[in-house]
Amino acid sequence: MASLALTCPPAGVKAPSYLASSSSSLFSRSSISFSTVESRSRFCVSNSARCKALNLGNGNASIPIINGTTLPKYFDSSSRLEKPVSRANTKLKLFSGTANPALSQEIAWYMGLELGKISIKRFADGEVYVQLKESVRGCDVFLVQPTCTPTNENLMELLIMVDACRRASAKKVTAVIPYFGYARADRKTQGRESIAAKLVANLITEAGADRVLACDLHSGQSMGYFDIPVDHVYCQPVILDYLASKSISSADLVVVSPDVGGVARARAFAKKLSDAPLAIVDKRRHGHNVAEVMNLIGDVKGKVAVMVDDMIDTAGTIVKGAALLHEEGAREVYACCTHAVFSPPAIERLSSGLLQEVIVTNTLPVAEKNYFPQLTILSVANLLGETIWRVHDDSSVSSIFL
């Protein structure tokens with residue numbers, strides 16, 4: 001478990017056990033420090049600071065620490081952390097559901113706010129109870145709740161939180177959904193199928209949300225399913241910066257799309273990596289969560305291959321693609337994704353040795369039992385915190401990613 005010493009965040013808050021900081025860390029400016037008894041995965045706090053891995057030499061995964069202090073202005077949280085926002089003087093309220101409270105707390109730290117007081121309980125029959133413990137009348141409320149496993153329960157919790165805020169006379173309610181469940185059910189591929197992504201969008205809208213803020217949707221058209229504004233946050237800068245901190249020559253790099261549907265995502269990723277060449281894995285899927293790799297389009301011989309996807313679920317696509325890349329002569333294979341769903345048997349597949357490193361973000365909570373030596377977790381808290389500030393201030397969000 002982790003020990004926590006802090007002066008800016010509220011007392012009694014538990015820090016995630018994988019989180020660590022150094023003297024040059026972004027959070028050290030507010031006298032926040034963490035120490036861990038045992039390090040099980042890599043974790044990077046900054047979205048733009050250069051990161052490096054600390055080799056513990058004990059077979060466990062290591063923790064990246066920040067070794068640079070140059071940050072874009074929109075990621076520099078020092079002024080906000082040194083001068084926390086007075087909750088009595090702001091109409092911005094930030095509340096967390098139970099799905100990923102660690103990410104919510106990090107966002108609050110970046111913003112210099114305390115998380116709003118909220119009571120969320122489960123009745124004996126499984127029903128969800130939500131009560132706000134402070135007034136939100138006339139406030140701009142942001143609810144942080146990814147709809148991850150258990151998907152239906154977390155989704156229902158989000159809907160009830162939105163309804164509670166609406167009935168408490170909040171001026172605006174924004175659902176901050178780092179991971180949007182049911183995003184893969186965005187079209188009909190066979191007859192008599194539902195389009196669950198549209199259904200979930202309708203539910204969130206009808207519950208009373210005024211805006212949605214989501215990270216790396218499975219497909220861009222999902223934004224069109226909402227009848228309310230959607231701010232799409234791209235987490236690529238977080239992963240790109242971490243890769244840039246590695247000593248990999250651009251001449252040795254090739255970006256790989258694990259399927260044809262992800263070519264646009266991989267091409268945009270490659271363009272940011274010194275316009276690296278692109279390769280595509282052609283796969284044929286015979287059923288849900290079952291993938292079969294057929295062939296490779298592109299040259300990876302003697303190169304460092306970086307596979308890019310929006311999520312890793314059972315890891316069948318990523319691992320079979322990695323095996324093919326090694327067969328085609330790739331020197332090393334890295335897997336990068338935003339959402340670490342990690343449904344069984346993902347951990348066994350990812351830790352099999354085919355991948356040099358598996359780089360994910362903390363849009364979803366990763367249980368300690370799912371840590372393995374190749375895993376690196378990067379934080380998107382600063383990115384989400386800055387986006388929330390800009391939405392609240394009616395400023396441009398897209399300029400963050402330019």
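These values consider heavy atoms only, across backbone and side chains, with no hydrogens, waters or symmetry-generated copies.
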Nearest 0.5 Å, what's the [atom1]-[atom2] distance between [X] and [Y]?
X    : Y    : atom1 : atom2 : result
K91  : K172 : NZ    : NZ    : 13.0 Å
L364 : C215 : CG    : SG    : 10.0 Å
L132 : R137 : CG    : CZ    : 12.0 Å
T361 : I377 : OG1   : CD1   : 9.0 Å

_Chi angles and distances behind the side-chain contact (heavy atoms from CB on, under 4.5 Å) call for L253, L243_ = CA-CA 11 Å; L253 199 63; L243 288 174; over 6 Å; no
*asked:* Going by side-chain contact (heavy atoms from CB on, under 4.5 Å), E106 matches just one of N100, L384, N362. Which one?
replied: N362
_Checking side-chain contact (heavy atoms from CB on, under 4.5 Å) between V162 and each of L143, V141, D210, which is the one that passes?_
L143
I need the minimum non-hydrogen distance between [X] and [Y], along with the two atoms involved.
X    : Y    : result
H218 : A183 : CB-CB, 3.8 Å
C336 : V306 : SG-CG1, 3.6 Å
R265 : Q236 : O-NE2, 3.4 Å
V130 : A164 : CG1-CB, 4.2 Å
D186 : S222 : CB-OG, 4.1 Å
G262 : D259 : N-OD1, 2.9 Å

Verify the distance criterion only: is there a donor paired with an acceptor across the side chains of [X] and [Y] at less than 3.5 Å?
X    : Y    : result
N152 : Y182 : yes
S250 : S274 : no
K188 : Q190 : no

Quick check: do [X] and [Y] have side-chain heavy atoms less than 4.5 Å from each other?
X    : Y    : answer
L378 : I239 : yes
V341 : Y179 : yes
V254 : D299 : no

Would you call [X] and [Y] a salt bridge, using N to O less than 4.0 angstrom?
X    : Y    : value
E357 : K246 : yes
K93  : D140 : no
R122 : E157 : yes
D313 : R184 : yes
R166 : D163 : yes

Please answer whether the main-chain N or O of [Y] pairs with a side-chain N or O of [X] as donor and acceptor at a distance below 3.5 Å.
X    : Y    : answer
R211 : I228 : no
D125 : E127 : yes
E134 : K117 : yes
S379 : A381 : yes
R390 : S396 : yes

Quick check on [X]: does its [atom1] atom have over 12 non-hydrogen neighbours (other residues, nucleotides or ligands) under 6.0 Å away?
X    : atom1 : result
Q221 : CD    : yes
M223 : CE    : yes
K272 : NZ    : no

_One pair to check against side-chain contact (heavy atoms from CB on, under 4.5 Å): L350 and S352. What are the steps and the verdict?_
CA-CA 6 Å; L350 294 172; S352 62; over 6 Å; no
In terms of ring plane angle, is the pair [X] and [Y] parallel, tilted or perpendicular, where the classes change at 30° and 60°?
X    : Y    : value
F342 : F372 : tilted
H232 : Y234 : tilted
F123 : Y129 : perpendicular

*Residues V176, Q145; criterion side-chain contact (heavy atoms from CB on, under 4.5 Å); working and verdict*: CA-CA 6 Å; V176 181; Q145 175 80 341; over 6 Å; no
*Ring centres of F226 and F180 under 6.0 Å apart?*
yes
